Amino acid sequence: MNKTVNQKAWLFVLPVLVLVAFNAIIPLMTVVNYSVQETFGNNVFSWAGIIWFEEVLTSQRFHASLGRQLFFTFTILAIEVPLGVIIALAMPRKGIWVSVCLVLMAMPLLIPWNVVGAIWNIFALPQIGMLGNLLNGMGIDYNFTRQPGDAWATLIAMDVWHWTSLVVLLAYAGLVSIPEAYYQAAKIDGASSWAIFRYIQLPKMKRVLTIAILLRFMDSFNIYTEPFVLTGGGPGNSTTLLSIDLVKVALGQFDLGPAAAMSLVYFLVILLLSWVFYTLMMRDEEQ
Amino acid sequence: MAKITLSKLRHSYMAAPSGDDDWALKQLDLEWDDGGAYALLGPSGCGKTTLLNIISGLLAPTEGKVLFDEADVSLLPPEKRQIAQVFQFPVVYDTMTVFDNLAFPLRNRGVAEDVVHQRVAEVAAMIDLTDRLDKRASGLTADGKQKISLGRGLVRTDVNAVLFDEPLTVIDPHLKFQLRSKLKELHQRIALTMIYVTHDQTEALTFADKVVVMNMGEIVQVGTPVELFETPQHTFVGHFIGSPGMNVLPCEINNGNAFIAGTKIAAANKADGNLVNTEIGVRPEFVRFATKGLAARVTKVSETGRFSIVEAECDAGKVKLLVGEDEKIPTGSAKLKFDAANTRIYSDGWLAGLGSVE
């Protein structure tokens with residue numbers, strides 16, 4: 001079959017190409033460019049090879065940040081995914097309460113991220129914050145600005161509060177799409193509610209949960225604004241996640257080369273882990 | 001195994017039903033004998049599925065009772081009723097193998113694993129899935145999945161009845177016939193009560209010993225296929241069963257005799273009592289061309305192979321006739337004769353003098 005080659009088609013693709021070039025390809029290439037050069041200010045650059053990559057990969061500081069980042073991401077995934085599924089299961093499927101629940105669930109997602117950080121910062125302040133004051137009043141020694149454990153607990157609570165809704169909404173969407181006949185058949189077959197969850201609801205939610213896990217993984221691995229406003233990475237470096245560390249290197253110290261190399265490694269780690277997640281969760285779909 | 005009795009059953013999906021139209025099921029009284037093969041036949045939306053779901057316990061009736069033998073089960077949930085039900089669209093547990101799917105209803109009831117193996121093997125042989133027992137159920141075609149659903153309905157031995165809700169909708173035509181014969185054969189072998197819901201008269205008439213015809217939430221007639229064909233008790237049954245359906249023509253009654261445009265029509269039943277909207281019902285099989293009778297004009301002839309379906313126009317409306325291939329079909333005006341033994345008078349849809357016939 002002969003296809004007509006229509007060169008005019010390029011004109012229609014052009015806007016997208018320009019857009020992608022400016023918001024993705026050119027910035028990324030700039031970063032690649034920085035990552036292999038040394039700079040001494042005044043826009044003077046010299047070839048540096050792979051020394052920044054070597055530095056990043058062997059750096060104690062990077063390892064520590066990466067470790068904290070992994071700990072943060074896996075902790076919030078371990079909490080938000082099961083919690084989101086449980087809340088979605090508990091939500092009503094029909095009636096007027098559906099919209100009420102959905103609006104309530106969507107609220108945290110609508111708040112600007114720096115505001116979320118500010119809310120929790122004030123909420124948790126040891127003396128004047130509602131949470132901080134309450135905990136201390138109950139005799140619990142709580143101070144997230146001084147004690148790393150408290151800082152972590154607050155950080156994780158904030159993320160769970162902010163993002164569990166996303167998992168809830170996706171899981172709920174998966175649940176309501178299950179045809180009534182499945183529940184009827186399960187009743188006839190004498191299935192327990194655990195069996196209904198295990199063999200009907202969970203398999204039918206699998207696709208949306210895969211999306212939820214991937215989104216939460218990528219977003220939490222990239223998280224910056226909320227922890228920056230809440231703890232600023234402290235006390236000390238105890239809550240310095242990768243992105244916060246990266247900004248310190250790039251803007252605080254103005255080390256463009258190492259920061260660029262770190263960005264690329266950071267990017268590759270996310271890409272690799274996303275791929276691993278996706279492959280693991282989708283491996284059964286193949287057959 | 002039990003006799004199933006429906007007593008004064010009514011159901012509405014509305015919170016406060018008032019008018020007649022609010023009831024999905026108008027009052028029903030019916031007995032299903034133990035071991036019978038029944039078909040529940042009616043057009044879409046007539047309440048067949050509602051009735052089925054009430055028997056299985058997925059729905060609680062608004063009014064009335066469901067009895068299994070003498071026990072009132074109206075409020076028992078499905079799992080306590082020992083009922084198997086197969087739905088219109090295939091339901092399979094995607095993550096399980098075909099074997100586990102078939103074993104599911106048994107395992108949920110704590111049946112010993114060696115019995116499970118034996119039962120699943122039997123059912124799998126019945127529905128031709130033996131070679132696919134280890135496969136994941138999600139990989140099967142729609143046909144295969146519906147076979148699993150059927151299999152799950154048939155795997156238990158302790159059930160009071162197996163209910164089929166238009167189970168062959170998604171199945172290929174050639175397989176349909178095969179599976180229906182399988183079900184029929186199975187019924188003869190194990191004599192389990194089976195209730196088969198369908199809107200397809202061929203399916204109903206080939207499967208069932210007794211057919212329950214429903215329309216607009218009411219049972220119109222219960223009978224064997226022959227009874228439904230020969231003595232429809234309502235013009236709806238005459239219309240719905242048979243292809244083409246029964247001719248129904250408005251008529252006048254004079255001294256107990258029916259007349260169409262002045263021509264006397266002999267009928268099998270008597271027209272007496274209070275009569276409204278009187279009609280003559282006669283199947284196309286029992287209308288002949290004759291030298292004397294109702295005047296009509298032939299308007300259309302359709303060849304169907306062994307028969308021709310002839311349409312003729314008389315004063316009361318259109319009449320269809322089935323004419324054998326070697327009979328002569330007149331053109332233009334003709335006279336029609338109805339076989340008196342198979343011609344009936346209906347009043348307001350129902351057979352006139354119901355109960356006095358036969």
Side-chain angles (χ1 to χ4, degrees), chain A residues 81-82 85-86 88-89 92-99 170-214 277-287, chain B residues 49 52-53 55-59 76-97 100-111 134-140 145-146 148-153 155-156 158-159 161-167 169-170:
Chain A
V81 175
V85 170
I86 291 170
L89 285 171
R93 304 281 156 73
K94 45 184 152 207
I96 45 161
W97 290 105
V98 171
S99 3
L170 285 167
Y172 186 74
L175 276 179
V176 293
S177 70
I178 302 175
E180 186 59 26
Y182 278 83
Y183 294 110
Q184 294 183 333
K187 272 193 212 156
I188 298 283
D189 289 342
S192 62
S193 31
W194 165 250
I196 291 177
F197 175 71
R198 170 69 187 78
Y199 297 115
I200 297 175
Q201 292 171 324
L202 199 57
K204 296 274 171 206
M205 276 195 290
K206 194 174 151 193
R207 279 166 183 277
V208 284
L209 278 184
T210 304
I211 294 169
I213 291 173
L214 273 179
F277 267 121
Y278 186 79
T279 316
L280 280 181
M281 286 184 291
M282 283 297 162
R283 68 179 193 279
D284 290 342
E285 300 285 308
E286 306 295 304
Q287 13 170 311
Chain B
T49 301
L52 211 61
N53 288 347
I55 297 175
S56 65
L58 290 170
L59 269 180
L76 284 187
E79 62 271 21
K80 299 232 170 87
R81 290 195 187 188
Q82 306 297 28
I83 285 275
Q85 187 170 1
V86 180
F87 298 90
Q88 187 171 7
F89 294 101
V91 173
V92 298
Y93 304 104
D94 288 336
T95 52
M96 295 187 198
T97 61
D100 291 336
N101 258 282
L102 295 175
F104 194 59
L106 298 175
R107 285 179 174 157
N108 283 329
R109 289 175 172 81
V111 173
D134 311 327
K135 291 256 163 46
R136 274 268 295 258
S138 57
L140 270 66
K145 287 181 180 174
Q146 189 62 343
I148 295 178
S149 296
L150 277 172
R152 277 207 321 273
V155 77
R156 287 158 60 198
D158 58 346
V159 291
V162 190
L163 314 181
F164 302 93
D165 190 356
E166 307 196 23
T169 310
V170 294

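Sequence lines set the chain letters: A, B, ... in the order given, protein chains first and strands last, and positions in each chain run from 1. Please read all numbers here as calculations on a predicted model, not as lab measurements.
Residue B:F89: no heavy atom, backbone or side chain, is found under 4.5 Å from chain A. In this structure, chain A has a heavy atom under 4.5 Å from the side chain of B:N53, while its backbone stays farther away. Heavy atoms closer than 4.5 Å to chain A are found nowhere in B:V155, neither backbone nor side chain.
Within the structure, the salt bridge (Lys or Arg N to Asp or Glu O under 4.0 Å) test picks out no pair touching residues 77-92 of chain B (sequence neighbours left out).
Across all their heavy atoms, B:P167 and B:Q146 have their closest contact at O-NE2, 2.7 Å. When all heavy atoms are compared, the tightest approach of A:R93 to A:L89 is NH2-O, 3.6 Å. B:G57 and B:P78 get closest at one heavy-atom pair: O-CD, 3.4 Å.
The 12-atom threshold is not exceeded at OH of A:Y278, counting heavy atoms of other residues, nucleotides or ligands nearer than 6.0 Å.
Side-chain contact between B:V162 and B:R156: absent, with no pair of heavy atoms (C-beta onward) separated by less than 4.5 Å. Between B:L150 and B:F164 the shortest side-chain heavy-atom distance falls below 4.5 Å.
Residues satisfying the side chain to side chain contact (heavy atoms under 4.5 Å, CB included) criterion with A:P203, sequence neighbours excluded, are B:T95.
Note: B:L58 leads B:V86, B:L106, B:I83, B:L58 in heavy-atom pairs under 4.5 Å with chain A. When B:Q85, B:R152, B:R109 are compared by the number of non-hydrogen pairs under 4.5 Å with chain A, B:R109 comes out ahead.
Within residues 170-182 of chain A, the residues that have a heavy atom under 4.5 Å from a heavy atom of chain B are A:A181, A:Y182, listed by number. Scanning residues 193-201 of chain A against chain B with a 4.5 Å non-hydrogen threshold yields A:A195, A:R198, A:Y199, A:I200, sorted by number.
Checked by atom type and distance alone, the side chain of B:D94 never pairs as donor or acceptor with a backbone atom of B:S138 at under 3.5 Å. Checked by atom type and distance alone, the side chain of B:S149 pairs as donor or acceptor with a backbone atom of B:V91 at under 3.5 Å.
For the atom pair CG (A:D189) and CG (B:N108), the distance works out to 7.0 Å, reported to the nearest 0.5 Å.
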B:V92 and B:L140: side chain to side chain contact (heavy atoms under 4.5 Å, CB included), yes or no, with the steps? CA-CA 10 Å; B:V92 298; B:L140 270 66; over 6 Å; no

